[in-house]
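Whatever order the structure lists them in is the order used to number ligands and atoms, beginning at 1.
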Amino acid sequence: MDLYGDDTEPVDGGEDLFKPEYKRYKRKDRKLDLSDVIDLTKQTNMDKVEEIELQASQHPAVRGLKPLKEWKNYSIKGFPGFIFIKNPFEDGQQRYWIERCVLDYPNKPSKTILDNLVDMSDIDNIWTYSQNKSNSDITGKDSLIMKLRWATMGYNYEWNSRAYYDEMKSSFPSDLHDLCRYIASAVGYHDFSAETAIVNYYHMSGDMGPHKDISEIDHDAPLLSFSFGQDALFLLGGMTKATKPVCLCLHSGDICIMYGDCRLVYHAVPRILPASQDILKHCYNFSTVSNSCENKITPEENGISCQEKLEVKSVGRQDVNWDLFSQYLQCTRINMNVRQVLPPGGTNIADYPKPVCPSQNGRGIKN
Ligand code: OGA
Ligand code: MN
């Protein structure tokens, strides 16, 4: 294992062109050169992308998303199957998902890294526990929430054997299932079943090494990946490391979809970067949420009425100390990474041979 990751798999097809790019963006001992990075917000390297249209989703719209016709979607030239949706959430609405990721999703029956580190038997809510214990130093080294690196829901990924098992399964949140089904349908996969998710919690020094996600039995369904909070550099490669990866800057609210030819390619997160305060304000600051309905979405296309929409807009979690919460978000990037595990109609993992997994060593956040 070297400093930059532990993926020592030989490169079929020639020289490793992935690792040098990963190192280049990860290393902190020289000035970071962002000149090759695709950034849809700053509009840099736009010649590497193409704007694409998605189709009308066959499922009811979900809370907090803009109408589909207002979304900005892109493909990356030379990387077919990768779809990038630039923050399709309404102003302020990401707060709902961020609160779910911090206040709810990591609690039982989900599995988290904390199960391996501390006795969790008396801790029902990691955030509340941390808030009460932290003496207002929520980002300090003794804060439990700062030790949270991943949580898994639905089929709980078993990190040692790199597999899913029928016996290792917790419930999957229906709100996240509906969100993913709506988005998957818009990219042409109409019966997506969200069966497992890993929620990754990165702090500013965190990264994720080069890997492929191949433990799922079904590889025809898309993989959906949501970014919230701080920015991340994301490397997208090919089926082998002989493909030079392209680097994208992901901002809060952005959605990456790995589908078709891109479902099984190498990817990595070499770097977390501070997000612009201006962008974050619009992403989850409650004060930016307008009180009017704005006539932006008709009930028919949205699936919820104007009145309901207003209610959604005014819901903020009362049990949260937002000051502490925003301190935590100030040094955190959250990634919800959602996959279908079984082929359509499948019910048991044991009915299928285990996928061969040579290349998942990099998976999991390192600090
Ligand atoms: C993963 C993954 C990417 C990200 O969890 O497998 O690749 O953007 N995450 O954090
Ligand atoms: Mn991955």
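Within D213, the N, O or S atom lying nearest to the Mn ion (ligand 2) carries the name OD2.
Ligand 1 is never approached by K212 to a heavy-atom distance shorter than 4.0 Å. Within the 4.0 Å heavy-atom shell around ligand 1 one does not find W150.
Of the candidates V269, L223, N337, it is N337 that places a heavy atom closest to atom 1 (C) of ligand 1.
Contact annotation: for R339 versus ligand 1, heavy atoms closer than 4.0 Å belong to the side chain alone.
In this structure, atom 8 (O) of ligand 1 lies nearest to the protein heavy atom R333 NH2, 2.8 Å. Residue, atom and distance of the protein heavy atom nearest to atom 5 (O) of ligand 1 are N200 ND2, 2.8 Å. With hydrogens left out, the protein atom closest to atom 3 (C) of ligand 1 is N335 OD1, 3.6 Å, a heavy atom. For atom 10 (O) of ligand 1, the closest non-hydrogen atom on the protein side is Y202 OH, 2.5 Å.
Considering L54, I52, D254 as possible partners of I85, the one that fulfils the side chain to side chain contact (heavy atoms under 4.5 Å, CB included) test is L54.
Checked by atom type, the side-chain pair S252/N87 shows no donor-acceptor distance below 3.5 Å. With no hydrogens or angles considered, no side-chain donor-acceptor pair links Q131 and T128 at under 3.5 Å. For T196 and E216, the side-chain atoms include no donor-acceptor pair closer than 3.5 Å. Side-chain atoms of Y96 and D175 include a donor-acceptor pair closer than 3.5 Å.
By the 3.5 Å distance cut-off applied to N or O atoms, S227 is not counted among the residues near ligand 1.
Distances below 4.0 Å separate heavy atoms of D213 from the following atoms of ligand 1: 6 (O). Close approach of ligand 1 to I198 (heavy-atom distance below 4.0 Å) involves ligand atoms 5 (O). Of all the atoms in ligand 1, the ones that sit under 4.0 Å from a non-hydrogen atom of H211 are 1 (C), 2 (C), 6 (O), 7 (O). Ligand-side atoms of ligand 1 in range of H267: 7 (O), range being under 4.0 angstrom from any heavy atom.
Proximity of C256 to L250: side-chain heavy atoms (C-beta onward) are separated by under 4.5 Å at one or more points. The shortest distance between side-chain heavy atoms of L280 and Q230 falls below 4.5 Å. Between C262 and P80, the closest side-chain pair of non-hydrogen atoms is not below 4.5 Å.
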Chi angles and distances behind the side chain to side chain donor-acceptor pair (under 3.5 Å) call for N321, D323: CA-CA 5 Å; N321 177 332; D323 272 353; 6.0 Å; no

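For Y266 against P210, the heavy-atom pair with the smallest separation is CD2-C, 4.3 Å.
Rounded to 10°, the angle formed at the Mn ion (ligand 2) by NE2 of H267 and NE2 of H211 is 90°.
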